[in-house]
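Notes follow once the structure below has been shown.
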Amino acid sequence: MSPAAEPLPAVSPLQPGAPIWSLAGYLLVGWLLRLPAVLFAAGYAFADQQYQYLDPAWHLATGDAWHRTWEWIDGIRSWVHPGLLATLWMPIRSVTDDAMVQMTLLRGAHSLIALLPLSAFWLLVVRWQPVAHARVALWLFALSGIGVHANVQPAGPNFAASLAVAAVLFACGPRRWPWLGGLLLGLAFCARAQDAMFGPIVVAALVWQRRFRAAMWFCLGTLPGIALQGLVDLWTWGSFLHSPFAYVRLNLHAGAAVKWGTEPWWWYATLLLPLLTLVPPVWGAAARMFWRGTRVAALPMFAGVAFVALHSAIERKALRFLWPAVWLLVAVAAIGIGSARANGRLEAWQRRLLFAGQAGLWLWASLWPTNLGPVRAALALSREPSFTDELIVVDGDATAVGGFANLRRSRLEVQSTTRALLAELLAGLPPRAERWVLVAREPLSGELAAAFGRLEPAGEFTGWLDLRRGERRYLYRLRRE
C-alpha cells in the first residue's frame, strides 16, 4: 500500500459534477433509503439476531423468559448491545403493546446509526479527498444493500459493522478525526469482539502512511470502548474483558465454532466476486475502478482486504461476518467511479452492473421479511390465554419458537422432541387441561395426530411466498380427554 494519496483538486459547488447535497441533505437521503427496511424487513435475518441479541434485550427490558444459548452460558457474549436495545425498547413499550409495531420502531431507532458511516463518507469524498463526481459516489455508498441491512437490523454484528465502517472512514480524516474513528471502533468491539481486528489493521496502515499522530489519536480513541466492555464484563461475568477472551479461547483454541460447519480459505472470494461485480468480461474495468478508488482511499481498501484475509484463515465462515469489509470495498468502488468518467464501453457496463447489483441488494435488505413463519406462530401463541409456561416443539429446539420476545411469558419451559418420540413424551407428562405443540417444517400426519386423541390443528404459519420449508410452523392444541 502506498502512502496517503495527494488530495485531488477540490470541486467548486458551482461546477458540473459537484455534489447536490449538503451533509444534512445527504444524511436525509441516506436515511430515507433505509426507511423501507425499517417498515417492511420484518422478522429476523438469522437465528442469532433473535436469540442472542433481541431476546436478551427483551429479558433486560421486561424480566420475561429467554433462552440462554450455549454462547450465553459460556460467557462469550457481551451485554453492551442487548443493554442498548433494552434502553430503546423500554420507552417503545410505553407507546404500543403490538410486538410488530415495537420491532418497527426498534428498527427505526437502530437505523440512526447510519448517520455515522454516511457522515464519514461524505466528509471523505467532499471535504478531505474531493472527487470529481462525488454525487455518483455518494449515491452508490448510500444505496448499498449491505449497509442498509447492517444499519437497520438490530443485531450486535450489524451494529458493530456500522461503527467499524465509520471508524475506518473517519481514520482517513485530518487532525483529530482519527480519534473519533478509534472511539467508534472501541464501541464496535463491545458489540462484536471480532471487529477489533480493524484496530491493528488501521494503525499499521496509518504508520505506513507516516501519519504517526493520527495513529496515536486512533489508539487513544479505542480506550473508552475497551474500558466499557471490560467493566460491563466485570459486572456481569466477574472478570475484566471476560467475553472476548472467552470467545477466543472457545472458538479458536477449543474449536467450538467449527461444529456449525467449515469452509475452505477461498470460500469468501467466491461470494465477494459477484457482490462487487468482479466478473468477466469487465475484469479490467473493475481493476481500474478499484485502482482509482485506492488512490483516494488507500486506508479503506487495505482495511477491507486485510479483514477478509484474516477471516479467510478462520475455518468457520459466513457472509455476515464480512459485512463491514464488503461495505468498505463498496466505498472504494464508489470513489473509483466518482473519480473519473467511464472510459470505454466495458467500463460503462461495469458501472451499470455494480449499481444494479447494489440496487438488488437494497431491494433484498429493504423488502424481504425473513423467518416470518416462526414469528407469526409465536405471536399467535402469545395471544392464547391457555398458553402459560410450557411449550412442546417437534423437530426443533428452543431456537425454533419464533423468539421468546414474541412469546412474551414470564416463565417458559420448552421441551424438544421428534415425531417418532412425541407419543412417548406426551405419555410421560402429568395431566393438564390444555397443552400447545409447535411443529417445524412439516405438519403432523393425520394418523399421527389422531393417535394423540384431541390434538387439534390451531394454525399454519409460513414465510413470505412460502419459499423456505425451514420457515414453516404448525401449531396444535392438545386437549385432555
| task | Kindly determine whether W436 and S386 satisfy side chain to side chain donor-acceptor pair (under 3.5 Å), including the steps that lead there. | result | CA-CA 9 Å; W436 290 90; S386 62; 3.0 Å; yes

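In this structure, H110 contributes its side chain and L106 its backbone to no donor-acceptor pair below 3.5 Å. Side chain of E471 to backbone of N371: a donor-acceptor contact under 3.5 angstrom is found. Looking at S78, its side chain never comes within 3.5 Å of a backbone N or O of A191 through a donor-acceptor pair. In this structure, T96 contributes its side chain and I92 its backbone to no donor-acceptor pair below 3.5 Å. When atom types are taken as modelled, the side chain of R472 and the backbone of V439 share no donor-acceptor pair closer than 3.5 angstrom. Using modelled atom types, no side-chain atom of Q194 and backbone atom of H311 make a donor-acceptor pair closer than 3.5 Å. Checking side-chain atoms of R320 against main-chain N and O of A318 turns up no donor-acceptor pair under 3.5 Å. Under a 3.5 Å cut-off, the side chain of Y26 and the backbone N or O of L138 do form a donor-acceptor pair. Between the W237 side chain and the R77 main chain, a donor and an acceptor come within less than 3.5 Å of each other. For the pair H59 (side chain) and A65 (backbone), a donor-acceptor distance under 3.5 Å is absent.
Looking only at side-chain heavy atoms (C-beta outward), W70 and I76 come within less than 4.5 Å of each other. Inter-residue side-chain proximity for W177 and L180 is flagged as met; some heavy-atom pair is nearer than 4.5 Å. Counting heavy atoms from C-beta outward, P117 and N151 have side chains that approach closer than 4.5 Å. In this structure, the side chains of T62 and R408 stay at 4.5 Å or more apart for every pair of heavy atoms. Using a 4.5 Å heavy-atom threshold, the side chains of S243 and Q229 count as touching. Put simply, the side chain of Y53 does not reach to within 4.5 Å of the side chain of N158, judged on heavy atoms.
Annotation for L438 and A400: closest pair CD2-O, 3.8 Å, computed over non-hydrogen atoms. The nearest pair of heavy atoms linking A440 to D395 is CB-O, 3.5 Å. Shown here for F290 and V332, the closest heavy-atom pair between the two residues is CD2-CG1, 3.8 Å.
With respect to P56, the side chain to side chain contact (heavy atoms under 4.5 Å, CB included) criterion is satisfied by exactly one of Y51, W66, F404: W66.
Applying the salt bridge (charged side-chain N to carboxylate O under 4.0 Å, His left out) definition to pairs two or more places apart or across chains, those involving residues 373-387 are E384-R477. Sequence neighbours left out, the pairs with a member in residues 186-201 that pass salt bridge (charged side-chain N to carboxylate O under 4.0 Å, His left out) are R192-D195.
Cation-pi contact between R93 and W58: present, with separation from the ring centre below 6.0 Å and deviation from the ring axis of at most 45°.
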